[in-house]
Amino acid sequence: MPELPEVEVVRRGLARWVSGRTVEEAVVLHPRAVRRHFAGAEDFAALLKGAVMGEAHRRGKYLWLPLTESLSLVGHLGMSGQLLVQPTTAPYETHLRVRVRFADTLGTELRFVDQRTFGGLSVHEVVPGDPEGLPVTLAHIARDPLDDAFDEDAFHAALRRKRTTIKRALLDQSLISGVGNIYADEALWRTRLHYERPTASLTRPRTAELVTHIREVMGDALAAGGTSFDSLYVNVNGESGYFDRSLDAYGREDEPCRRCGTPIRRRAWMNRSSYFCPRCQPAPRTSS
DNA sequence: CAAGGCTCCTGATAGC
DNA sequence: TGCTATCAGGAGCCTT
């Protein structure tokens, strides 16, 4: 499941292998992969044809490449998506959804492969005057904690204003982007915060700690996963972006907490799981 | 309007 | 062995 570090690796790969190339033809092999392109697959392909892929940008888990001054190509990997640059002669992947062929002689093409089709590609209007070609559909996505423009004071103020719990807030892409279930659990473990801690109870220093730990978790993953991108493959494999040795909480039910030895617990939460150390991350008093 | 829950999808795995 | 049930989860959309 790609989170921010994995998506950043993909962005670098796109910048290296795709930006600047002219599209010869886009072929949509599965309509669901372009379902966020509201005008349909044919329109999607027509807009791409002849377009020059611009610089690769990322905000949170979204990627985009400007095509013109007013249109950008948007990509989201969802849970199982991959963007691959493959030799045009390579056999089709089992879950190949979109092919983008280029009008050059490099002999490679861009492929969107996605088993569960939670991800997808689409073309959207650009926020007028935005220098990076930010698509309007991404305007509600908050800056991520690796972005220089991330505003920690504003994030803290938003947490204090909300009547919700901290893990929900971490997964709310309009407050902070790029954090998914895995890194949320990891950052909360590092900060010794229980996932049901009310956001309104966080002090400013506590928010600072949490943001620091999010950056550390992401930075570690990026350092580990970002080393091998300089190959033909734009993406690392959906699974291989994670490094088990670096996980302290997620997926470690009944295994000893690396700080205190108490068995890590798993709780059903929002149709998924939360992993935490019951000793290091005690439940807030207010929860019954 | 804010908050919380539902839902899309397919393959791996567990359980019988 | 082969079937069914369960789980994984990002984020848009719906309900309360």
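Residue numbers start from 1 in every chain, and the chains themselves are labelled A, B, ... in the order their sequence lines are given, proteins ahead of strands. The basis for the numbers below is simple: all heavy atoms, side chains too, and nothing from hydrogens, waters or symmetry mates.
Residues passing the salt bridge (Lys or Arg N to Asp or Glu O under 4.0 Å) test with A:Asp114, sequence neighbours excluded: none. Residues that satisfy the salt bridge (Lys or Arg N to Asp or Glu O under 4.0 Å) test with A:Asp254, not counting sequence neighbours, are absent from this structure. Partners of A:Thr262 under the side-chain hydrogen bond (donor to acceptor under 3.5 Å, both in side chains) rule, at least two apart in sequence or in another chain, do not exist in this structure. Checked against salt bridge (Lys or Arg N to Asp or Glu O under 4.0 Å), A:Asp43 has no partners two or more places apart in sequence or in another chain. Residues that satisfy the salt bridge (Lys or Arg N to Asp or Glu O under 4.0 Å) test with A:Glu253, not counting sequence neighbours, are A:Arg266. For A:Asp130, there are no side-chain hydrogen bond (donor to acceptor under 3.5 Å, both in side chains) partners, not counting sequence neighbours.
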Q: Give the B/S/- string for nucleotides 6-11 of chain B, one per nucleotide from 5' to 3', where a protein heavy atom under 4.0 Å of the base yields B, of only the sugar-phosphate yields S, and otherwise -.
A: -BBBBS
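Side-chain atoms of A:Glu93 and A:Gln82 include no donor-acceptor pair closer than 3.5 Å. In this structure, a donor-acceptor pair under 3.5 Å is absent between the side chains of A:Arg111 and A:Tyr92.
A salt bridge between A:Arg259 and A:Asp248 is absent, with no side-chain N of the basic residue lying under 4.0 Å from a carboxylate O of the acidic one. Between A:Arg12 and A:Glu8 there is a salt bridge, since at least one side-chain N of the basic residue sits less than 4.0 Å from a carboxylate O of the acidic one. Here A:Asp153 pairs with A:Arg204 in a salt bridge; the nearest charged N to carboxylate O distance falls below 4.0 Å.
Distance alone, capped at 3.5 Å, places no donor-acceptor pair between the A:Arg59 side chain and the A:Leu63 backbone.
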Using distance only, find each side-chain donor-acceptor pair of residues 26-36 of chain A under 3.5 Å and give its atom names and separation, not counting sequence neighbours.
{"residue": "A:His30", "atom": "ND1", "partner": "A:Arg32", "partner atom": "N", "Å": "3.1"}
{"residue": "A:Arg32", "atom": "NE", "partner": "A:Thr117", "partner atom": "O", "Å": "3.1"}
{"residue": "A:Arg32", "atom": "NE", "partner": "A:Thr117", "partner atom": "OG1", "Å": "2.7"}
{"residue": "A:Arg32", "atom": "NH2", "partner": "A:Thr117", "partner atom": "O", "Å": "3.1"}
{"residue": "A:Arg35", "atom": "NH1", "partner": "A:Arg32", "partner atom": "O", "Å": "2.9"}
{"residue": "A:Arg35", "atom": "NH1", "partner": "A:Thr117", "partner atom": "O", "Å": "3.4"}
{"residue": "A:Arg35", "atom": "NH1", "partner": "A:Gly119", "partner atom": "O", "Å": "3.1"}
{"residue": "A:Arg35", "atom": "NH2", "partner": "A:Phe118", "partner atom": "O", "Å": "3.0"}

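Listed in residue order, the members of residues 158-181 of chain A having a heavy atom less than 4.0 Å from DNA chain C are A:Gln173, A:Asn181.
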Pairs under 3.5 angstrom, nitrogen or oxygen only, protein versus nucleotides 4-7 of chain C, please.
none

Tabulated below should be each protein N or O lying under 3.5 Å from an N or O of nucleotides 12-14 of chain C; please produce it.
{"residue": "C:dG12", "atom": "OP1", "partner": "A:Tyr62", "partner atom": "OH", "Å": "2.6"}
{"residue": "C:dG12", "atom": "OP2", "partner": "A:His140", "partner atom": "NE2", "Å": "3.4"}

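Here the closest heavy-atom approach between residue A:Pro5 and residue A:Met218 is recorded as CG-O, 3.6 Å. Taking each heavy atom of A:Ser19 and A:Gly54 in turn, the nearest pair found is OG-O, 2.8 Å.
Between A:Glu3 atom CD and C:dA8 atom P the separation is 14 Å, expressed in whole Å. As a whole-Å value, the separation of A:Asp144 CG from C:dA11 C1' is 17 Å.
An angle of 60°, rounded to 10°, separates the two end axes of the helix from B:dA2-C:dT16 to B:dC16-C:dG2, each defined over five pairs.
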